[in-house]
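Numbering of residues begins at 1 and proceeds along the displayed sequence.
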Amino acid sequence: MSLAHMLTGLLDQHGDTVQNAALLAYLKQGDEAKPYLEGVLSARLAANLYKSISKEDKYEAARTETTLAIAKWVKEHPRATQAQTQEEVVKQIGIFKAKIQTF
C-alpha cells in the first residue's frame with residue numbers, strides 16, 4: 001500500500017474530525033491556530049485532487065465489483081470443479097482489465 005493511498009484513506013476516515021478540530025482551535029485561538037486550519041484544508045484538497053487524478057475510487061470500485069461477481073458465481077455453483085472456478089475467475093479478471101482500460 002502506497003503512502004499516498006494510506007494518507008487519502010486516513011483523510012477519508014478522519015478528515016472531517018481533524019478539520020473540525022482545526023476550525024475550533026482557530027475560532028478559540030485566532031491567528032495562532034490559523035496555520036493548522038490551513039494545513040488541514042490544504043491536505044484535504046490535495047487528497048481529493050490526487051484521488052480524482054489517480055482515479056483511485058474507480059479502481060477500488062472495479063476491484064470490489066469483480067470480487068463480488070466471483071463470490072456470487074462461486075456461491076451459485078457450489079459443485080463447480082476447480083477448473084470451472086478458475087475459468088470463471090479468468091473471465092472476471094478479463095472483464096476487470098477491460099473495465100479499467102476505459103478509465
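Clustering ILVMFWY residues whenever any of their side-chain heavy atoms sit less than 4.5 angstrom apart, transitively, puts L41 in the very cluster that holds L27. Cluster annotation: I100 is not connected to I93 through the hydrophobic network of ILVMFWY side chains, with a link wherever side-chain heavy atoms come within less than 4.5 Å.
Closest approach of Y59 to F103, counting heavy atoms only: CE2-CD1, 3.6 Å. Nearest heavy-atom pair across L37 and A22 is CA-CB, 3.7 Å.
Of the inter-residue distances, the one linking T66 atom OG1 with I95 atom CD1 reads 7.5 Å to the nearest 0.5 angstrom. Rounding to the nearest 0.5 Å gives a distance of 10.5 Å between OG1 of T85 and CD1 of I70. The structure places CG of N48 at 11.0 Å from CD1 of I53, a figure rounded to the nearest 0.5 Å. Atoms NZ and OH, on K55 and Y50 in that order, are 12.0 Å from each other to the nearest 0.5 Å. Between atom CD of residue E38 and atom CG of residue L45 there is a gap of 12.0 Å, rounded to the nearest 0.5 Å. Note that the CD atom of E65 and the NZ atom of K58 stand 13.5 Å from one another [nearest 0.5 Å].
Within the structure, salt bridge (Lys or Arg N to Asp or Glu O under 4.0 Å) pairs that include any residue of residues 13-34 comprise D16-R44 (at least two apart or interchain).
The 12-atom threshold is not exceeded at OH of Y36, counting heavy atoms of other residues, nucleotides or ligands nearer than 6.0 Å. More than 12 heavy atoms of other residues, nucleotides or ligands shown are found within 6.0 angstrom of CD on E76. Counting non-hydrogen atoms of neighbouring residues, nucleotides and ligands closer than 6.0 angstrom, the CD atom of Q29 exceeds 12 such neighbours.
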E88 vs Q92, side-chain hydrogen bond (donor to acceptor under 3.5 Å, both in side chains): CA-CA, chis, key distance, verdict
CA-CA 6 Å; E88 180 64 20; Q92 290 298 330; 2.9 Å; yes
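Counting heavy atoms from C-beta outward, K72 and L68 have side chains that stay 4.5 Å or more apart. Residues V89 and W73 are not in side-chain contact: their nearest non-hydrogen atoms beyond the backbone lie 4.5 Å or more apart.
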